[in-house]
Amino acid sequence: MALMDFIKKQFIDVLQWTEEGDGTLAWRFPMSGMEIQNGGTLVVRESQMAIFVNEGKVADVFGPGTYKLTTQTLPVLTYLKNWDKLFESPFKSDVYFFSTRQQIDQKWGTPQPITIRDKDFGAVRLRAFGNYAFRVADPKLFHTEISGTRESYPVADLEGQLRGLVLQNISNAIAGSGLPFLDLAANQVMFADALTKELAPLFAKLGLLIENLTVQNVSLPEELQKILDQKIGMGMVGNDMAKFMQYQTAQAIPKFAENSGGGSGIAGDAMGLGAGVALGQVMAQNLQQGLQGGGNAAPAAAAVAAAASGVKPEDVMATLEKLGELKSKGILTQEEFDAKKSELLKKLI
């Protein structure tokens, strides 16, 4: 009877998988030296699926539930031999369990800037990163294409392949989204949706389903970031070029105030600022007229000449030099000096 007990222990009554941790996509039930008892129980928990493999071919796929295993349950296994003495129709097979839970927070990112073709700027380079989640949707396809007969298949072994698919399809996603390059950073959700759409069929070929993808950051090249900053500045003044030039001038005035210690420095700054502002205003007006389809080269040249002749920086220079001397002697306070300087500069605008 001891021998009989030993033989009976080689037959499995219950097949199940209790995941001990995260990160495992497929797990093969240990079958070395053992066989499944006819009438045994297969337990497939929620968030799992299981397949039976016989002679290298998938015999059946089981979703969540409890199953009694018989030759009727698995009609494909017609090669089974009936042992009509000690046991009831035992059969030998490989059983694989698959986790169908979402594998979340899978990182993706561009290790180096990638080149994107944009309709406005031509070839540009960007960096982007984010994360995504996926799950096993077709265990039979995943088994035949990816995991195979391995004892277990972890997520880490698939990360590089999936990350490569993401990076390979960024260009197509940007083209498919229809977004101008400068609007990508402000439309990350739309960009992520377009990238998910590109990746879905590629993941499906591996038996996977991409559940969610996020674009957490899009880094523009420095030169395009400056253009974006200017675009934001124009939006603040209602896309009025003249107001935009005044806005830039206002941003520059504090820099001139830092050099207000000496008369010659103030005068030089005033001359440069006055001429620059006048020329900038004319350029802004001409550009705005050009965008509206009006104006030509001759009026533009005349306007520049008129503006240049109307500026008299020498008067401002003399006044600012005197004000600077009064401030240095303590007759004028810094606040009084700044107020007078602002008043004089307004006459140049």
Side-chain angles (χ1 to χ4, degrees), residues 1 3-104 133-158 200 203-212:
M1 291 300 294
L3 178 60
M4 296 295 295
D5 292 340
F6 173 77
I7 294 176
K8 288 183 179 180
K9 288 182 181 178
Q10 308 310 302
F11 291 82
I12 304 168
D13 293 330
V14 179
L15 295 93
Q16 61 181 340
W17 178 34
T18 54
E19 300 178 57
E20 297 181 355
D22 297 327
T24 301
L25 295 174
W27 178 76
R28 185 183 66 198
F29 191 91
M31 301 289 292
S32 177
M34 296 187 291
E35 294 183 350
I36 302 170
Q37 174 68 43
N38 184 34
T41 302
L42 171 66
V43 179
V44 182
R45 290 173 169 80
E46 291 289 347
S47 76
Q48 292 180 354
M49 295 188 76
I51 64 173
F52 273 65
V53 177
N54 174 46
E55 296 183 354
K57 295 182 179 180
V58 176
D60 209 344
V61 179
F62 295 87
T66 301
Y67 304 89
K68 185 175 182 180
L69 302 177
T70 65
T71 54
Q72 287 74 32
T73 307
L74 300 172
V76 176
L77 304 180
T78 57
Y79 79 104
L80 299 177
K81 296 180 180 179
N82 293 323
W83 291 7
D84 51 6
K85 294 294 183 180
L86 299 178
F87 309 102
E88 294 183 3
S89 302
F91 51 85
K92 186 174 179 64
S93 179
D94 290 321
V95 182
Y96 294 87
F97 287 88
F98 297 84
S99 173
T100 57
R101 292 187 293 126
Q102 286 195 42
Q103 305 299 323
I104 62 174
F134 73 95
R135 70 168 80 238
V136 174
D138 187 338
K140 180 178 179 180
L141 184 60
F142 184 78
H143 171 76
T144 56
E145 296 292 331
I146 302 296
S147 61
T149 60
R150 291 172 54 172
E151 180 178 349
S152 66
Y153 194 93
V155 174
D157 287 1
L158 197 58
F203 275 57
K205 291 180 179 179
L206 304 178
L208 304 175
L209 175 66
I210 182 167
E211 289 284 357
N212 184 39

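Scope of the values below: all heavy atoms of this structure, side chains included, with no hydrogens, waters or symmetry mates.
- Considering CD of Gln48 and OG of Ser99, their distance stands at 7.0 Å, rounded to 0.5 Å.
- One distance of note links CD of Gln102 with CG of Leu209; it measures 8.5 Å at 0.5 Å rounding.
- Screening residues 148-158 for salt bridge (Lys or Arg N to Asp or Glu O under 4.0 Å) gives Arg150-Asp157 as the qualifying pairs, with residues at least two apart or on separate chains.
- Interatomic distance, CG of Leu206 versus CG of Leu141, reported as 7.5 Å (0.5 Å rounding).
- For the ring-ring contact (aromatic ring centres under 6.0 Å, His included) test, residues two or more places apart in sequence or in another chain that qualify with Tyr96 are His143.
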Scan the side chains in residues 14-21 for donor-acceptor partners under 3.5 Å anywhere in the protein, sequence neighbours excluded, and list what turns up.
from: Gln16; atom 1: OE1; to: Arg45; atom 2: NH1; distance (Å): 3.3
from: Gln16; atom 1: OE1; to: Arg45; atom 2: NH2; distance (Å): 2.9
from: Glu19; atom 1: OE1; to: Arg101; atom 2: NH2; distance (Å): 3.1

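- Taking the side chain as every heavy atom from C-beta outward, Leu158 and Leu208 approach each other to under 4.5 Å.
- Not a single side chain to side chain donor-acceptor pair (under 3.5 Å) links Asn212 to another residue, sequence neighbours left out.
- Thr24 contributes atom OG1, which lies 8.5 Å from atom CD of Gln103 (distance to the nearest 0.5 angstrom).
- Evaluation of the salt bridge (charged side-chain N to carboxylate O under 4.0 Å, His left out) rule for Glu211 yields Arg135 as partners, not counting sequence neighbours.
- Distance check, rounded to the nearest 0.5 Å: OG1 of Thr100 to CG of Leu25 gives 10.5 Å.
- When all heavy atoms are compared, the tightest approach of Val44 to Ala50 is CG2-CB, 3.9 Å.
- Taking CZ of Phe97 as the start and CD1 of Ile51 as the end, the distance is 11.0 Å to the nearest 0.5 Å.
- The ring-ring contact (aromatic ring centres under 6.0 Å, His included) test applied to Tyr153 returns Phe142, not counting sequence neighbours.
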